[in-house]
Amino acid sequence: MSQNWFGETLYPDYQQRHQIDRVLYEKKTEFQELVIFESPRFGRVLALDGVVQVTEKDEFVYHEMLTHVPILAHGAAERVLVIGGGDGGVLEEALKHEGVERATMVEIDPSVVELCRKYMPSISGAAFDDKRTDLVFADGRTFMAETKETFDVIIVDSTDPVGPGTVLFEQDFYADCRARLTERGILVTQSGVSFMQDEEARNTHRRLKALFPDATFYLAQVPTYAAGFMTLGWGCRDANLRKVAPPVIERRFAEARLDTRYYNPAIHFAAFALPTYIERLKDG
Ligand code: SAM
């Protein structure tokens, strides 16, 4: 990281760079390199191991799509599990649904939660203090292998498959997620920017397809997940769930009274329409 610029190190031959106004915090945690800095265009930015995780200015895109699509598709989600998600953005969106009685978040690195609450509080709002929140500091892989609880929606908001996040892309982790889902349960996962990370997306789909009658991707355009669509993995135990008609989602969205800036019922359906190069990743 040079004095005034942060250069992302996700790809050896391609880099997004952010001008740095001020470094607010920089430290190697027990699990990863963590830096939070202020940028003129995206506000405060969290990066882990040299990779942009979340920014104040565009977090709404990813967090709304990772959360409202599965919860409104399900229609009666009471128990939500978030794996990773240390910035609290997904947790906050999930708790906007009055029907959610319990939101469990399993994060491996307490420093991410502590420092995001301190330096980026707008992302999590009051989510960490909500009485429905159950915050667990543990490896998501181990938690899934050991928990006896069941969930209506499981959201994997992980880092990329390097370092501590690697285990969250593996078959046995997805199998344990499948086993802890209720009958109409939905699993959604962060599956990278498939134009750049095609292998990651291909592997995710192959693994979800082996476990779920309905496995596919849906898309969100997140400015700081550079070079293409953020590709979100979808695995659902009920193959008919995604076939609900638009008026059903429109009614659920209206009843939920969500104030969103990216998500709406039209994009809910449009997000599953995949460009051919991404559709072909599902061929394995
Ligand atoms: N949206 C971001 C992305 O797409 O790159 C991810 C944001 S979130 C900050 C990622 C979180 O996953 C981090 O807080 C990290 O500590 C957590 N994480 C990584 N590996 C984990 C594991 N094995 N179990 C639980 N949490 C994990």
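Heavy-atom basis, side chains included; hydrogens, waters and symmetry copies ignored. As the structure lists them, so they are numbered: ligands from 1, and atoms in each ligand from 1.
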Taking only heavy atoms of Gln190, which atoms of ligand 1 are found under 4.0 Å from at least one of them? 3 (C), 4 (O), 5 (O)
Under 3.5 Å, N or O to N or O, is Asp157 touching ligand 1 that way? yes
Do any nitrogen or oxygen atoms of Ile108 lie less than 3.5 angstrom from nitrogen or oxygen atoms of ligand 1? yes
Less than 3.5 Å apart, any donor N or O on the side chain of Gln19 or Asn4 sitting next to an acceptor on the other? no
Between Thr133 (side chain only) and Ala127 (backbone N and O only), is there a donor and an acceptor less than 3.5 Å apart? yes
Location of contacts on Val167 toward ligand 1, heavy atoms closer than 4.0 Å: side chain
Numbered atoms of ligand 1 (with element) below 4.0 Å of Tyr62, judged on heavy atoms: 1 (N), 4 (O)
Take every heavy atom of Gly89, measure it against each atom of ligand 1, and state whether any distance is under 4.0 Å. no
What protein heavy atom sits nearest atom 24 (N) of ligand 1, and how far away is it? Gly140 N, 2.8 Å
For ligand 1, does Gln32 get within less than 4.0 Å through its side chain, its backbone, both, or neither, judged by non-hydrogen atoms? side chain
Would you say Asp87 contacts ligand 1, with heavy atoms under 4.0 Å as the rule? yes
Where ligand 1 meets Gly165 - atom numbers and elements under 4.0 angstrom, heavy-atom basis: 20 (N)
Heavy-atom contacts under 4.0 Å between Gln53 and ligand 1: side chain, backbone, both, or neither? both
Need the ligand 1 atom indices (1-based, order shown) with element for anything under 4.0 Å from a heavy-atom of Leu48. 13 (C)
Please work out, at 4.0 Å between heavy atoms, whether the side chain, the backbone, both, or neither of Val51 comes within that distance of ligand 1. neither
Which atoms of ligand 1 are found less than 4.0 Å from any heavy atom of Asp139? 22 (C), 23 (N), 24 (N)
Would Arg180 pass as a cation-pi partner of Phe151, given that its NZ or CZ must be under 6.0 Å from the six-membered ring centre and within 45 degrees of the axis? no
Does the salt bridge (charged side-chain N to carboxylate O under 4.0 Å, His left out) test come out yes or no for Lys118 and Glu114, once each step is laid out? CA-CA 6 Å; Lys118 182 172 179 187; Glu114 179 207 333; over 6 Å; no
the protein heavy atom lying closest to atom 1 (N) of ligand 1 turns out to be Tyr225 OH, 2.8 Å
Tyr263 and its side-chain hydrogen bond (donor to acceptor under 3.5 Å, both in side chains) partner, picked from His63, Glu64, His68, His268: His268
At a 4.0 Å threshold, what atoms of ligand 1 neighbour a non-hydrogen atom of Asp109? 16 (O)
With heavy atoms under 4.0 Å as the rule, classify the contact between Pro164 and ligand 1 as side chain, backbone, both or neither. both
Counting each atom of ligand 1 from 1 as listed, which ones have a heavy atom of Gly84 under 4.0 Å away? 12 (O), 17 (C), 26 (N)
